[in-house]
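Okay, so here's the structure we're looking at.
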Amino acid sequence: MVVLQTIEEFQKYRKNIDASIGFVPTMGALHEGHMSLVECSKAQNDVTVVSIYVNPTQFLAGEDLERYPRTIEQDLQKCQEYGVDAVFLPSNLYTSDEVGIKAPNIRGYILEGHFRPGHFDGVLQVVMKLLNITQPTRAYFGKKDAQQYLLICQMVENFFMSVEVIGCPTVRHSDGLAKSSRNIYLDANQRQRALSIYKSLHFIEQNITNMQLQMLITKAKEHLQIDSLQYLQITNYALQPIQKYEKNNTLVTIAGFVGPTRLIDNLWI
Ligand code: AMP
């Protein structure tokens, strides 16, 4: 496995590859969720590249950029164990006064985008940069970040980019809690209460065919033991509101705080 720390180094490495490349962008603190994307990439490509970069432009003022977990040594070890071919580890991807990318006015500013305005501008900007540097055949994203995955698909389409975007299912702990780099912020009590996010989603999944959607959301909220709920919404895969369950086109998204930690989860059903 090679570790490439600058854009120039990576581009030199990239020039010599004439095979299919699978690319997994991450912010590090790697867990089995990230590694499932690596496994998917390895199954579909000759070469797998992981990037680790905590992207400052997707954090809003007051969010956890400074304290975001950084575990580079363990991350590199995990990548080695899983057979990653190259890790791209840039220290900075920005210059001053840059051309930006603007998330779509509607889809980029509802749900996550409503509570984190500008977040997706930063996500799309860094993903555009990373895709242009790595020039992969396929790029892998977790459906855990549902809106992020959908907006990246849209950017690739809107800008006629040639990469194939692959969405991978959410990896969970055995009790159902979605794996997340931010779970390490949770103490035992918070971890237990965070599980209620999954329980409410599970309740929705069990009852979606036999209950009116507004009633279902009201009932699902009763399962929550988190400190504050930002949203619990049911849309279709285009993020438009729906009145009735549509098989394989229904997305349930939730976000809220447990203590100071913001968690998100979702169901694609
Ligand atoms: P992050 O390091 O949080 O930016 O995540 C990097 C990639 O891993 C994103 O595409 C995430 O959606 C994906 N990811 C994070 N957690 C999970 C999970 N539990 N299951 C599947 N993919 C995940």
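Indexing begins at 1, ligand by ligand and atom by atom, following the structure's order.
- For the atom pair CD1 (I234) and CG (L251), the distance works out to 9.5 Å, reported to the nearest 0.5 Å.
- Shortest contact from atom 22 (N) of ligand 1 to any protein heavy atom: G142 CA, 3.6 Å.
- Across S41 and G22, no two heavy atoms sit closer than the pair OG-CA, 3.3 Å.
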### Task
Would you check, one step at a time, whether the test side-chain hydrogen bond (donor to acceptor under 3.5 Å, both in side chains) holds for S20 with T137?
CA-CA 6 Å; S20 62; T137 317; 4.9 Å; no
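- The single protein non-hydrogen atom nearest to atom 12 (O) of ligand 1 is D145 OD2, 2.6 Å, given as residue, atom name and distance.
- In terms of protein heavy-atom proximity, atom 3 (O) of ligand 1 is closest to Y68 OH, 3.8 Å.
- Annotation for ligand 1: atoms under 4.0 Å from non-hydrogen atoms of P25 are 6 (C), 7 (C).
- If you number the atoms of ligand 1 from 1 as listed, the ones under 4.0 Å from a heavy atom of T26 come out as 2 (O), 6 (C).
- Of all heavy-atom pairs between V127 and F141, the closest is CG1-CZ, 3.9 Å.
- At a heavy-atom cutoff of 4.0 Å, ligand 1 is contacted by the side chain of L37 but not by its backbone.
- Taking atom 20 (N) of ligand 1 as the reference point, the nearest protein heavy-atom neighbour is V171 N, 2.8 Å.
- The only option from V171, V24, T170 that meets the side-chain contact (heavy atoms from CB on, under 4.5 Å) definition with S36 turns out to be V171.
- The distance from ligand 1 to the heavy atoms of F141 drops below 4.0 Å at these ligand atoms: 10 (O).
- Residue-level proximity to ligand 1 for S180 is absent, since no heavy atom of it falls below 4.0 angstrom.
- Under 4.0 Å is where a charged nitrogen must lie from a carboxylate oxygen, and between R182 and D64 at least one such pair does.
- Of all the heavy atoms of C168, none lies under 4.0 Å from any atom of ligand 1, so neither backbone nor side chain is involved.
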### Task
Could you check Y198 against D175 for side-chain hydrogen bond (donor to acceptor under 3.5 Å, both in side chains), going step by step and ending with a plain yes or no?
CA-CA 9 Å; Y198 171 71; D175 58 8; over 6 Å; no
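- Closest to atom 5 (O) of ligand 1 among all protein heavy atoms lies H34 NE2, 3.4 Å.
- Note: D18 CG to I21 CD1 = 9.5 Å, rounded to the nearest 0.5 Å.
- The two residues A255 and L229 come nearest to each other via the heavy atoms O-CD1, 3.5 Å.
- Among all protein heavy atoms, the one lying closest to atom 21 (C) of ligand 1 is P169 O, 3.4 Å.
- With hydrogens left out, the protein atom closest to atom 4 (O) of ligand 1 is M27 CG, 3.6 Å, a heavy atom.
- Looking at every heavy atom in both residues, R193 comes nearest to N189 through NE-OD1, 2.8 Å.
- The proximity of H31 to ligand 1, defined as any non-hydrogen pair under 4.0 Å, is limited to the side chain.
- Between S36 and ligand 1, no pair of N/O atoms sits closer than 3.5 Å.
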